[in-house]
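If you're wondering where the values come from, they're calculated on a predicted model, not measured in any experiment. Proteins get letters first, then strands, A, B, ... in listed order; numbering begins at 1 in each.
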Amino acid sequence: MSSTSIEAIKDRYRHSLPDKANELRALIKKLKRDPVAEQALVNAEAFLHRLAGSSGMYGYDAICECSQSSLGMLQQGQLAAAALAMQELTELLDRSA
Amino acid sequence: MAGNSTPSSAALLHNVTDIVAKRQRLAYIYVDSNGLIASLSSNISDYGFVDIKVGDEVEDAVDFMVGLDTEMELELPLIGSPAGIPVSVSLVPQESALLILIADASRMAEARQRLQQQANDNELLLYEQRRLMTQLEQVQAELKQKNSQLKEASQSQTRFISGVSHEFRTPLTSILGYTELLEKAVSEASASDQSVADHQLKIDSSLVAVQRSSRHLLSLVENLLDHGKLDAEELVIRPEAVALKDVVDDIRFIMLPLADAKGIKLRFTIPTSPASEIVVMDASRLRQCLINIVGNAVKFTDRGGVAVTIDWREDWLSVSVQDTGPGIGREQLTKIQLPFWQSDDHTKAGTGLGLTITARLLELMGSELRVESELGSGTLVQFELPAPSAPQAVKSDLAAPQSIVGLRFLLAEDDPDIALLLCHLLEHQGAQVVHVSNGALAVEAALAQDFDIVLMDLHMPVLNGYQAIEEFNAANYSTPIVVMSASSLVTDRSTAYELGCAGYLTKPVNIADIAQVVAEVLDSEGHDPSS
């Protein structure tokens, strides 16, 4: 593990950002299709929770902040606002990749 | 003709004599051979000779005749008559007799008086002229001096502007150059479809160069701003606890590349004790002084090197900077702390403010700048600064982060991105890490082998963090558990502590956060990682 350079690890994460953006788009689509589907909501929250933790640790502060605010909106049932924030998050992920 | 002319000439002469006599108010006294007045003109009384009469002894009757030689002609041009009228007297001996002619000399006296007055006035004018000339010379000398000072000030200003431009241009050029290199490295990486990491060395060295130049620019700007404060006496010293090592490291970091670029040696001698000492002083101001002093030494040394010695004993910090540069002449040595003063070597232009500000800052910090130098023998700059040791409590706060070298970590984290990064960072710091991706595997691993600390994520599959901790509690597991979660909810934190967790970290976390919490946890548990 330690033989891998920190730069390579950071680079690996950066390359994973487009996949994360696609995963988020799919989650948004599911939420829009069926806003009351419990599993879609749980999956979205779990995704945002993980993204908030990892992006902050890799130095993507804007993504971290947007993930946290999207998660907070979802948890408070503000689905429309959360959808907009998540849309913004996909754009952030695309731009950072 | 001659026969006819004699009587008329005699008559004319008589008339002329009469006219002159009247005009000059001529009077006479005729004295016989016995010194007695034989005859006198009737107008003699006009001159105040009122008691005089025929038969009087002339020396008794006329004061000015006392003791005079009467056998030769004599002119007394201006004397006062008894009536106060200035007169001229002519003594005309005639065989054994004497004719005394007295004429009114008022006009002559007036003329002489006017001349005298004129002479006096002239003397006064000359005196005044001399006085004015002296004043003029003084004013001219002062003007000359002022003019010279103005000229010098103007030259200093020109040198200052030129120096500042030069000083700013150098780091700015460097920043521009290195940012271009950065841009090129990044675009090359993109074009060749390589990762930026492959160009990391080039990027890192460019960034360091940009940082270094920026710091240099900052110190220049600080000097300029401080010079303004110097005039307004607004320089402020803010003492705080600081590790001497940090200050010295900063100076070394900034100055070594400059010395390397010139091909000279820059040696720092710092006894171990002061390097690790935490003292109370204004670190920012000390840094500024050292940058100015060491910067000057490096700038003016083209061969040999610069030796910096920093020592700390009994609450005093002593600094000595010796260079092998060209040295400074005795006359110049008295001027080096003057604002805008610069050396004659115009290739080494600067702002001319560094030493001025350094001397003032040191004075404010209770110190004094000493400079010893001779032409051709290098320069030695020294100062001693009060730097009391910081209180123990402050020292503990500033102490280096707790080492995690040798600690055994169990990391329960389902996110592979986070797990990968944390494993790398912890191992890089000398820790041993076992990673599991869910709570069930965490319980299994913890019960199978020894760990010093467990880092536990909350949201994990199979068993989440809370459930895993409950399993640990059920098994009386005693290794401290630190929860890491992206959740900042108070309820999550309080639940973790209620379950007996030793610490709680909110993601994103960095290695310093982890080291700090681990140190606190292990300290409170009385844990000795070396055991």
Side-chain angles (χ1 to χ4, degrees), chain A residues 1-24 27 39 41-77 85 89 92-93 95-97, chain B residues 186 189-190 193-204 207 409 411 413-435 437 455-461 464-465 483-489 491-492 505-514:
Chain A
M1 184 88 66
S2 59
S3 60
T4 313
S5 73
I6 185 72
E7 289 77 19
I9 293 172
K10 287 181 178 175
D11 214 34
R12 177 185 176 278
Y13 186 78
R14 187 174 65 81
H15 285 306
S16 76
L17 293 181
D19 291 340
K20 288 180 169 61
N22 290 334
E23 192 178 346
L24 182 58
L27 287 168
Q39 194 54 47
L41 203 60
V42 169
N43 288 345
E45 284 183 1
F47 175 85
L48 291 170
H49 180 83
R50 282 200 308 276
L51 186 61
S54 66
S55 59
M57 290 177 69
Y58 279 91
Y60 295 90
D61 294 342
I63 293 175
C64 176
E65 200 175 316
C66 195
S67 304
Q68 285 171 336
S69 61
S70 302
L71 180 61
M73 290 170 194
L74 276 186
Q75 286 170 340
Q76 289 169 25
L89 186 56
L92 273 175
L93 288 165
R95 281 205 300 274
S96 304
Chain B
V186 172
S190 306
D193 203 25
Q194 289 174 307
S195 69
V196 173
D198 295 332
H199 294 260
Q200 200 62 43
L201 186 62
K202 199 186 286 182
I203 291 171
D204 284 348
L207 282 173
F409 283 78
L411 173 64
E413 171 63 66
D414 67 325
D415 187 316
D417 294 324
I418 296 176
L420 185 64
L421 184 63
L422 280 179
C423 283
H424 176 84
L425 294 175
L426 290 168
E427 287 176 352
H428 192 68
Q429 294 288 317
Q432 299 169 33
V433 188
V434 170
H435 168 238
S437 58
L455 292 178
M456 178 77 74
D457 185 22
L458 286 182
H459 297 267
M460 290 186 293
N464 67 30
V483 166
M484 293 187 308
S485 175
S487 169
S488 56
L489 295 175
T491 49
D492 277 336
L505 284 163
T506 303
K507 292 176 186 170
V509 295
N510 59 40
I511 195 69
D513 294 336
I514 295 172

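Scanning both residues, A:G53 and B:I418, for their nearest heavy atoms gives C-CD1, 3.7 Å.
B:D417 pairs in a side-chain contact (heavy atoms from CB on, under 4.5 Å) with only one of the listed residues (A:R12, A:M57, A:R50), which is A:R12.
Proximity to chain A is limited to the side chain of B:L425, based on heavy atoms less than 4.5 angstrom apart. Heavy atoms of A:S16 lying under 4.5 Å from chain B belong exclusively to its side chain.
Every side chain to side chain contact (heavy atoms under 4.5 Å, CB included) that A:L74 has, sequence neighbours left out, goes to A:L31, A:L41, A:A44, A:E45, A:L48, A:L79, A:A82, A:M86.
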